[in-house]
Amino acid sequence: MGWTSLADLFKQHGKNISLIIHAAAQPSHDWAAREPLTDFTVNANGTLNLLEATRLLCPEAVFIFTSTNKVYGDTPNRLPLIEHGKRWEIEPNHVYADGIAEDMSIDQTLHSLFGASKVAADVLVQEYGRYFGMYTACFRGGCLTGPSHSGAELHGFLAYLMKCTMTGKPYTVFGYKGKQVRDNIHSADLIRSFDEFFRNPRIAEVYNIGGGRYSNCSMLEAIEMCQEIVGRKLNWTYSEQNRIGDHMWWVSSLSKFMGNYPDWKLKYDIPQILKEIYEENRERFSGQ
Ligand SMILES: NC(=O)c1ccc[n+]([C@@H]2O[C@H](COP(=O)([O-])OP(=O)(O)OC[C@H]3O[C@@H](n4cnc5c(N)ncnc54)[C@H](O)[C@@H]3O)[C@@H](O)[C@H]2O)c1
């Protein structure tokens with residue numbers, strides 16, 4: 001949405017707007033590399049448009065931005081990782097053993113063009129909080145998912161994996177021996193975290209948000225779980241080449257958010273998320 005129509009919308013409703021959840025984005029790394037100007041216009045300028053409309057027309061509103069762990073670029077790949085049978089794991093005594101915290105640097109790292117435009121947006125959201133005293137928060141997501149997630153080959157890990165297992169569509173695992181680890185958070189748990197922030201907002205906050213230690217899996221573990229739930233084998237192949245800058249191990253530390261909002265707790269773990277994606281998409285995927 002361009003500035004003029006956005007400003008009109010905010011002029012119309014400004015005083016009645018108490019919460020903005022900004023989740024609009026160009027979310028694909030590969031697409032961003034093909035069209036960097038469009039990617040930056042959507043992800044960075046689009047965020048600036050929303051922030052400015054909020055500042056001018058409803059500055060007391062709470063502004064939540066769905067940022068991403070890609071703001072840390074490929075820095076997580078420099079962590080000391082140990083190879084296990086089915087997954088990479090961080091050294092058990094490392095300071096990030098319970099998950100990567102918000103103090104990891106976002107500087108001097110390979111972000112991808114998508115990651116760079118999200119960094120620009122993330123920093124703007126923080127700045128509007130700090131400089132203008134607004135209630136802004138960046139929620140730096142790991143993998144966000146749920147039964148309505150439209151998974152595609154390069155975006156939406158669990159949803160797409162389950163879709164391929166259910167439909168027999170071929171699936172390719174890219175690099176890292178299939179042992180790369182992701183934490184996954186169900187949309188219901190994520191929305192409850194937004195709700196906590198909305199009810200008790202703070203200024204210029206940044207939170208890593210994901211499944212943390214409670215809800216994470218490697219690619220190989222996820223394939224096994226999908227096969228068990230669906231009762232059939234996934235038709236998958238392995239490609240040696242990993243995706244550029246792809247994380248080998250990402251588990252979010254939830255300590256900061258839970259310290260600020262102690263009533264919030266994750267409800268969904270990986271098997272529950274996968275079962276729900278399966279149950280709620282049986283009709284949708286049948287015949288595909
Ligand atoms: N899904 C994940 O694992 C994940 C992880 C971290 C962060 N995020 C972030 O969460 C948000 C939602 O991601 P998603 O996975 O649901 O992707 P999605 O593609 O399903 O959602 C993005 C939405 O943005 C809308 N959009 C795109 N350009 C727009 C524009 N110019 N104006 C208005 N709307 C526009 C699209 O129509 C789409 O509905 C994004 O900001 C994404 O970067 C997602």
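Counting starts at 1 for both ligands and their atoms, following the listed order.
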When you pair each N or O of ligand 1 with protein N or O atoms, which pairs come out under 3.5 Å?
residue, atom, partner, partner atom, Å
ligand 1, 1 (N), Leu144, O, 3.4
ligand 1, 3 (O), Leu144, N, 2.9
ligand 1, 10 (O), Thr66, OG1, 3.4
ligand 1, 15 (O), His155, NE2, 2.9
ligand 1, 24 (O), Ala25, N, 3.1
ligand 1, 32 (N), Met1, N, 3.1
ligand 1, 41 (O), Ala23, O, 3.3
ligand 1, 41 (O), Thr66, O, 3.4
ligand 1, 41 (O), Thr66, OG1, 3.0
ligand 1, 41 (O), Lys118, NZ, 2.8
ligand 1, 43 (O), Lys118, NZ, 2.9

Item to check | From CA spacing to verdict: salt bridge (charged side-chain N to carboxylate O under 4.0 Å, His left out), Asp195, Arg199 | outcome: CA-CA 6 Å; Asp195 188 52; Arg199 286 168 197 278; 2.7 Å; yes

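- The aromatic rings of Tyr96 and His94 sit tilted, their planes meeting at an angle between 30° and 60°.
- Scored by the side-chain hydrogen bond (donor to acceptor under 3.5 Å, both in side chains) test, Arg243 finds no partners at all (sequence neighbours excluded).
- Residues satisfying the ring-ring contact (aromatic ring centres under 6.0 Å, His included) test with Phe10, not counting sequence neighbours, are none.
- Atom OG of Ser193 is separated from atom NZ of Lys265 by 15.5 Å, given to the nearest 0.5 angstrom.
- Each ring-ring contact (aromatic ring centres under 6.0 Å, His included) pair with one or both residues in residues 17-54, not counting sequence neighbours, appears once here: His22-Phe65, His29-Phe114.
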